[in-house]
Amino acid sequence: MPESVLLKAREAIIEVPDVGLSILGISHRSDWFMAMVDELETRVRSLLGLSDSYHVLLLQGGATQQFSMLPMMMLRGSKQPADYVHTGYWSGKSIPEAKREGPVRIVWSGSAEDFHRLPNDGELAFSQNAPYMHYASNETVEGIQFHRVLGHENVPRVCDMSSDFLSRPCEADRFSFLYAHAQKNLGPAGVTVVVLREELLDRAPSDLPKFLDYRTQVESHSAYNTPPVLAIYIVLLVLRWMNEEIGGLDQMAQINQSKADFLYRLIDSSDGFYRGRAAVKDRSIMNVAFNLDSKELEKQFLVQSQTRGFSGLDGHRAIGGLRASIYNAMTLDAVEELGDFMEHFQRQNRLRLHSRSAA
Ligand code: PMP
């Protein structure tokens, strides 16, 4: 989280200015909280340039709940399969959930190539009459990211943007449905932002559990049950920060690109000491996944980086290796500090490897 957001969150836990209460004791039915939700929604709408034909929802259950909730609305009872693109760990998690609700066609899978790369347009034969198509814009685990929008204009596009939402402009009006859990770029876990076109609601079967029916969430303004008030407030603080301190999505994208360019340059100029995991054209600007020569060296990297005050540089348990996640709140200065450490580690170990092979 940006430091200014943390300071305001700390203040609110003790006492929200103008309210005189801790945020932990403020009712989600209070005028204050309703105004916060309205402001949050307005800010998301304005950052994404959304028209009134979209709803903005703040839901619970993480992105994982959307893996099921979306096909419950869009796929149940359908004879036509939904198109899914299987590009890595997280899109792979969404597919079996969709299959529980109806037919699914895997348009492309990167599994045989260990998800090192993303498909080209020529490899993606999307159906013209699928009830919807689904993909993840950024595969958090493998560090690969689409730098274009996929699919036909006449089939509803659905995108899991959990790990790159609001990190760059995203042409939101070309999507029928997008979702992102807050925990990467937006705030703490506990809130998931869902943006959906009004017309999709007509597809919802009438017998869905109320809580899992988007119509209920729209009607109750995301407060059908008790929402996570603190987490939602922090998302609002992050959106204010993005507008007022960063200057909007174009500026955010520029900063994110500079951070990623810096790290990839370092990796590419390391003479093979650091090896980027992703195909160069598909490199993620959020998750820089890389490897060293051996698991042993990667372990040493992690231990020493922790001693230097870095954390979370280990790769996801599914694939191992190393990963620098450089979400919106990570500053270029912090990334440069990591770069200093990486150069130092490389020098130190090159010498050691050289002297070992000379001996
Ligand atoms: N999709 C993507 C792209 C993710 O990165 C994650 C979490 N890392 C998820 C889905 C799952 O999110 P949650 O844990 O909030 O259910």
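In listed order, ligands and their atoms are each counted from 1. Counting begins at 1 with the first residue of the sequence.
- A donor-acceptor contact closer than 3.5 angstrom is absent between the side chains of Y274 and D268.
- Judged by distance alone, the side chains of S127 and D83 never bring a donor and an acceptor atom under 3.5 Å apart.
- Between the side chains of E139 and S91, a donor-acceptor pair is found at a separation under 3.5 Å.
- With no hydrogens or angles considered, no side-chain donor-acceptor pair links E142 and H116 at under 3.5 Å.
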List the atom pairs, with distances to 0.1 Å, where a side-chain N or O of residues 330-340 and a protein N or O form a donor-acceptor pair under 3.5 Å, not counting sequence neighbours.
unit_1 : atom_1 : unit_2 : atom_2 : d
T331   : OG1    : A334   : N      : 3.1

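- Checking N256 against S167 by side-chain atom types alone, no donor-acceptor pair falls below 3.5 Å.
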Quick one: table the atom pairs, ligand 1 N or O against protein N or O, below 3.5 Å, distance rounded to 0.1 Å.
unit_1   : atom_1 : unit_2 : atom_2 : d
ligand 1 : 1 (N)  : D160   : OD2    : 2.6
ligand 1 : 5 (O)  : T140   : OG1    : 2.5
ligand 1 : 8 (N)  : K184   : NZ     : 2.8
ligand 1 : 12 (O) : H181   : ND1    : 3.3
ligand 1 : 15 (O) : A63    : N      : 3.2
ligand 1 : 15 (O) : H181   : ND1    : 2.5
ligand 1 : 16 (O) : A63    : N      : 3.2
ligand 1 : 16 (O) : T64    : N      : 2.9
ligand 1 : 16 (O) : T64    : OG1    : 2.5

